[in-house]
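For clarity, every value in this text was computed on a predicted model and none was experimentally measured.
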Amino acid sequence: MKIEKLGVQLFTIRDFMATPEQFRESIRKLKDLGYDQGQTARMQIPYDIAGQICREEKFEIVGTHDNFDLMVEDFEQAYKNHQLLDTNIMGIGGFGSKGASIEEINDFIAKANVIGDKLAPYGGKFTYHNHSHEFIKDEEGRLMIDRLVEGLNPATTSFVLDTYWVQFGGGDVRHWIEKLTGRIDILHLKDMGKNREKQFITEIGNGNLYWEGIMESAEKAGVRYYVVEQDHCPGDPFDSLKMSSDYIHKNFM
């Protein structure tokens with residue numbers, strides 16, 4: 001399979017986005033590395049300035065990890081922020097990492113669906129990004145991810161499925177991509193390496209995930225955007241992003 005454009009979660013370069021000048025320089029570096037799209041993780045500079053820079057550098061913002069409380073309490077302002085970035089995909093990076101009751105999960109789902117309903121007239125969706133805690137069984141023997149899949153409205157919400165965290169949580173990456181067919185707007189491409197002590201996040205192609213199969217399943221599932229994310233890098237994150245980009249361009253572009 002072939003993908004047309006490659007994206008990057010800007011959290012990967014979070015230490016290089018503190019000022020407008022630094023933000024522009026970083027976007028230019030990403031473009032040079034083969035990334036034409038990005039997903040934000042909160043903003044360190046004003047939304048309007050970030051949006052202007054991205055437009056000038058021809059770098060497309062395809063979604064966000066943003067402030068859930070603001071989305072709930074002041075949707076109009078939250079949506080305005082996203083308009084400034086030229087995206088109508090409003091998302092968060094996760095929920096309940098320190099533990100959440102079934103009641104709290106259901107309350108979150110209800111609020112997320114309201115946000116999705118408000119976004120629908122604009123052609124947008126609310127997106128949820130998983131980690132590994134969604135794959136822990138609760139007191140009823142069920143997974144949080146199953147509750148999210150069942151509870152979130154597929155017409156107005158979608159998932160940012162993270163390949164590493166699915167694998168880390170004990171899930172089968174291809175199974176979850178296929179199960180969420182039509183419901184994955186953004187796929188986080190993140191590889192898993194292994195040494196004698198632990199698993200770790202690493203550059204795409206440098207770990208053990210079966211990328212040919214993952215990308216095949218992703219294409220069949222209708223994934224819209226392919227976004228590289230590396231939470232932690234051994235050195236300069238731009239060096240790591242180059243390795244991932246080179247691998248993906250060679251094999252899938």
Asker: Would you say the side-chain atoms of R174 pair up with the backbone N or O of G213, donor to acceptor, closer than 3.5 Å?
Answerer: yes
Asker: More than 12 non-hydrogen atoms from neighbouring residues, nucleotides or ligands closer than 6.0 Å to NZ on K80, yes or no?
Answerer: no
Asker: Go through D66 and R42 one step at a time and tell me if the salt bridge (charged side-chain N to carboxylate O under 4.0 Å, His left out) criterion holds.
Answerer: CA-CA 5 Å; D66 217 271; R42 298 293 183 104; 5.3 Å; no
Asker: Report yes if the side chains of W176 and F159 come closer than 4.5 Å at any heavy-atom pair, otherwise no.
Answerer: no
Asker: Are I13 and L241 packed together at the side-chain level, in the sense that at least one heavy-atom pair is separated by less than 4.5 angstrom?
Answerer: yes
Asker: Would you find more than 12 non-hydrogen atoms of other residues, nucleotides or ligands less than 6.0 Å from E56 atom CD?
Answerer: yes
Asker: Identify each donor-acceptor pair in which a side-chain atom of residues 115-128 lies under 3.5 Å from a protein atom, sequence neighbours left out, and give them as a table.
Answerer:
from : atom 1 : to   : atom 2 : distance (Å)
Y128 : OH     : F95  : N      : 3.1
Y128 : OH     : F95  : O      : 3.4
Y128 : OH     : E134 : OE2    : 2.6

Asker: Using the rule that two of Ile, Leu, Val, Met, Phe, Trp, Tyr join whenever any of their side-chain heavy atoms come within less than 4.5 Å, decide whether L33 and V227 are in one cluster.
Answerer: no
Asker: Which heavy atom in R183 sits nearest to a heavy atom in P154, and how many Å separate them?
Answerer: NE-CB, 3.5 Å
Asker: Are F238 and F16 close enough that their ring centres sit under 6.0 Å apart?
Answerer: yes
Asker: With a sphere of 6.0 Å drawn around NZ of K194, does it hold more than 12 non-hydrogen atoms of other residues, nucleotides or ligands?
Answerer: yes
Asker: Looking at T163 and H188, would you say the former's side chain and the latter's main chain have a donor-acceptor pair under 3.5 Å?
Answerer: yes
Asker: Could you list the residues that satisfy side-chain contact (heavy atoms from CB on, under 4.5 Å) with T40, not counting sequence neighbours?
Answerer: L10, M43, I61, T64, L85
Asker: Is any side-chain heavy atom of Y225 closer than 4.5 Å to a side-chain heavy atom of Q37?
Answerer: yes
Asker: Does a side-chain heavy-atom distance below 4.5 Å link D107 with E103?
Answerer: no
Asker: For K242, is the NZ atom crowded, meaning more than 12 foreign heavy atoms sit under 6.0 Å from it?
Answerer: no
Asker: Given 3.5 Å as the limit, does a donor-acceptor pair link the side chain of D191 with the main chain of L209, or not?
Answerer: yes
Asker: How is the hydrophobic cluster of Y210 composed, in terms of its other members, when Ile, Leu, Val, Met, Phe, Trp and Tyr link through side-chain heavy atoms under 4.5 Å apart, directly or indirectly?
Answerer: none
Asker: Would you mind telling me which of H129, Q39, R14, K190 makes a side-chain hydrogen bond (donor to acceptor under 3.5 Å, both in side chains) with Q9?
Answerer: Q39
Asker: Evaluate whether atom NZ of K2 has more than 12 neighbouring non-hydrogen atoms of other residues, nucleotides or ligands under 6.0 angstrom away.
Answerer: yes
Asker: Taking all atoms of both residues into account, what is the closest heavy-atom pair of H133 and G96, and its distance?
Answerer: CD2-O, 3.4 Å
Asker: Start with the C-alpha distance between M253 and I248, add both sets of side-chain angles, then the distance that settles side-chain contact (heavy atoms from CB on, under 4.5 Å), and finish with yes or no.
Answerer: CA-CA 7 Å; M253 298 186 76; I248 293 168; 4.2 Å; yes
Asker: Go through the steps to decide whether E57 and R28 satisfy the test salt bridge (charged side-chain N to carboxylate O under 4.0 Å, His left out), and finish with yes or no.
Answerer: CA-CA 7 Å; E57 301 299 332; R28 288 178 173 174; 3.0 Å; yes
Asker: For the hydrophobic clusters of this structure (ILVMFWY residues joined by side-chain heavy atoms under 4.5 Å, transitively), does one cluster hold both V62 and L6?
Answerer: no
Asker: So, do H65 and H131 have ring centers that fall under 6.0 Å from each other?
Answerer: no
Asker: Can a donor-acceptor pair be found between the side chains of Q230 and T12 at a distance below 3.5 Å?
Answerer: no
Asker: Could you tell me whether the side chain of D138 and the main chain of R142 form a donor-acceptor pair under 3.5 Å?
Answerer: yes
Asker: Between N113 and N153, is there a donor-acceptor pair closer than 3.5 Å when you use the side chain of the first and the backbone of the second?
Answerer: yes
Asker: Any donor and acceptor pair, going by atom type alone, linking the side chain of S217 with main-chain N or O of I177 inside 3.5 Å?
Answerer: no
Asker: Does the side chain of Y79 reach to within under 4.5 Å of the side chain of N88, using non-hydrogen atoms?
Answerer: yes
Asker: Can you confirm whether the side chains of Q52 and D48 place a donor and an acceptor under 3.5 Å from each other?
Answerer: no
Asker: If only atom types and distance count, is the side chain of Q22 paired as donor or acceptor with the main-chain N or O of A18 below 3.5 Å?
Answerer: yes
